[in-house]
Amino acid sequence: MKVRTRFAPSPTGYLHIGSVRTALYAWLYARHHGGEYFLRIEDTDRERSTQEAVDAIIHGLDWLGLTADAPPIFQTQRFDRYREIIDRLLASGHAYRCYCTREELDAMRAEAQARGEKPRYDGRCRAGGRERADVAPTVRFKTPLEGETVVDDLVKGRIVFDNAELDDLVIARSDGTPTYNFTVVVDDMDMRITHVIRGDDHVNNTPRQINIFRALGAEPPAYAHLPMIHGPDGTKLSKRHGAVNVLEYRQMGYLPSAMLNYLARLGWSHGDQEIFTLDELIRLFDLDRVSRSAASFDPMKLLWVNQQHILRTPTAELVPLLAEQLERRGLDPADGPPLERTVEALRERSQTMAEMAERAHCYYQEFEAFDEKAAEKHLVPAAREVLEALKAALAAVPDWSEKPLEDAVAGVAERLGLKLGKVAQPLRVAVTGQAASPGIGTTLVLVGRERTLARIDRALGRIAG
RNA sequence: GCUCCCUUCGUCUAGCGGUCUAGGACGCCGCCCUCUCAAGGCGGAAACACGAGUUCGAGUCUCGUAGGGAGCGCCA
């Protein structure tokens with residue numbers, strides 16, 4: 001049977017990084033097994049669902065390349081179908097109308113808790129005979145009173161639930177709208193989902209859903225419950241831990257391939273391998289290598305993975321990303337060296353594309369001010385002679401490219417009897433404003449002849465002033 | 001409270017009864033390379049939650065304990 005998986009978020013906010021991992025695993029599992037993956041928007045809670053959230057989910061998944069094999073399915077467009085199934089369950093005696101009021105239910109729960117039991121519905125309307133005109137009834141599913149429901153979870157192993165622990169859950173509200181545990185079953189059944197891959201906060205819902213499948217005469221799918229992702233401090237991952245919205249990572253200059261790599265590796269492993277291409281993930285991913293315990297999100301490691309991907313991604317693919325970051329900063333990519341050169345020069349010293357853009361700033365626009373620490377250390381009176389000599393030597397270089405420029409700088413050092421560092425550093429600070437940059441020859445090429453000479457004057461001015 | 005799940009370096013993990021004086025990676029520290037910063041190379045500190053079993057032998061199996069998490073809605 002062909003594998004069919006789905007990702008089923010509810011559109012109540014931005015796309016959370018934990019949700020993305022769930023989507024990724026469902027997507028990878030389908031791709032790995034040559035199956036299909038679908039997106040289903042669970043928007044039955046009309047109070048909390050928003051169009052912005054739907055857009056955020058779709059944009060986020062799109063950015064990451066987690067594309068579905070069909071247009072998204074919206075639950076709000078399937079109310080007729082849910083109604084139909086509810087009627088079927090009612091007719092077959094698998095469900096019944098409940099006339100209990102909220103007050104009655106609250107009291108019931110309070111009593112159960114007082115007795116030290118799990119708060120649950122006691123089934124008082126199950127036998128019928130409690131119809132009343134002043135209460136719009138809900139519809140409850142008749143959970144089997146005895147027996148066990150077994151979940152052979154693909155990640156957690158066998159989990160056995162006593163049906164007696166489960167109560168009769170509401171499947172239709174008093175206004176007739178269906179509830180979560182019910183719509184999930186109808187949709188997974190209709191979509192012919194073979195593998196439900198979701199967060200392990202859903203394990204306790206699973207026996208209820210399996211019972212509904214059975215009542216409908218349908219075969220339940222296989223289940224795989226993924227452990228949660230915690231923050232670095234071990235608590236639930238939240239905004240306190242930094243960005244949890246995937247789209248923010250795009251802004252921060254992370255590569256989709258790196259996000260996917262990091263997230264895949266968070267809770268899954270393939271021996272000692274850390275860096276994976278998307279193709280490798282598809283080829284190697286499977287649920288039997290998924291860890292059973294919760295993992296902590298580590299922004300530092302994400303940064304490293306991103307850097308590794310920047311190192312491995314072809315320059316041509318990085319160029320538009322750098323352009324985007326430069327433009328976001330109000331810089332004109334045309335007013336400086338070709339972006340290819342900048343990427344080549346900075347790729348191994350940038351952990352994000354945002355950082356690369358920061359470092360590239362001085363190649364596309366005059367820098368505001370010298371880094372004070374760097375200037376104090378290198379733009380000292382003793383550097384005056386060095387910069388004068390450099391200016392003359394560089395101005396005389398006919399071919400403004402790396403090798404001749406390096407030779408010119410080395411020549412100045414030799415003539416003045418100084419170590420290269422004593423010459424290159426003042427020059428570096430003079431032309432970039434910073435103490436760190438690519439190799440001096442490369443840096444000079446990036447800055448360009450005109451700006452280099454002008455900036456040496458600027459530095460000399462500072463020393464004099 | 002009840003039900004379910006989880007527990008190897010700070011973090012992500014390898015380990016599927018003996019090859020474990022527990023391996024890799026991030027981070028941290030040191031060294032090398034070096035015009036700076038990186039990248040890269042080399043080295044170091046750092047973990048089997050605890051207690052009983054089973055077994056010739058347990059990080060690996062079983063049961064407890066402790067700790068953590070999830071769920072217990074006319075939310076999803």
Under-3.5 Å donor-acceptor pair between [X] side chain and [N] base:
X: R292(A); N: rC6(B); result: no
X: D201(A); N: rG71(B); result: no
X: S296(A); N: rC12(B); result: no
X: R120(A); N: rC72(B); result: no

Listed nucleotide nearest any side-chain atom of [X], set [options]:
X: W304(A); options: rG40(B), rA25(B), rG24(B); result: rA25(B)
X: I159(A); options: rC4(B), rA25(B), rC74(B); result: rC4(B)
X: A436(A); options: rC37(B), rA76(B), rC5(B); result: rC37(B)
X: Q308(A); options: rA76(B), rG40(B), rU3(B); result: rG40(B)
X: H230(A); options: rC6(B), rC74(B), rG69(B); result: rG69(B)
X: E274(A); options: rA25(B), rU11(B), rA76(B); result: rA25(B)
X: R428(A); options: rC72(B), rG24(B), rC35(B); result: rC35(B)
X: M300(A); options: rG24(B), rG69(B), rG27(B); result: rG27(B)
X: E348(A); options: rU7(B), rC72(B), rA39(B); result: rA39(B)

Is the terminal nitrogen or CZ of [X] (NZ for Lys, CZ for Arg) located under 6.0 angstrom from the six-membered ring centre of [Y] and within 45° of that ring's axis?
X: R458(A); Y: F370(A); answer: yes
X: R265(A); Y: F276(A); answer: no
X: R83(A); Y: F79(A); answer: no

Original post:
Hey, is the side chain of R289(A) poking within less than 4.0 Å of OP1 or OP2 on rA14(B), counting only N and O atoms?
Top reply: yes
Original post:
According to a strict under-4.0 Å criterion, is R312(A) in side-chain N/O contact with OP1 or OP2 of rA39(B)?
Top reply: no
Do any side-chain atoms of residues 406-420 of chain A form donor-acceptor pairs under 3.5 angstrom with protein atoms, and if so which ones, sequence neighbours left out?
residue, atom, partner, partner atom, Å
D407(A), OD1, K403(A), NZ, 3.0
D407(A), OD2, K403(A), NZ, 3.2

Subject >> Partners passing ring-ring contact (aromatic ring centres under 6.0 Å, His included) against Y29(A) (at least two apart in sequence or in another chain) >> reply: H33(A), H195(A)
Original post:
Using purine N1 to pyrimidine N3 plus N6-O4 or O6-N4 for Watson-Crick, or N1-O2 and O6-N3 for G-U wobble, each under 3.5 Å, what pairs with rG71(B)?
Top reply: rC2(B)
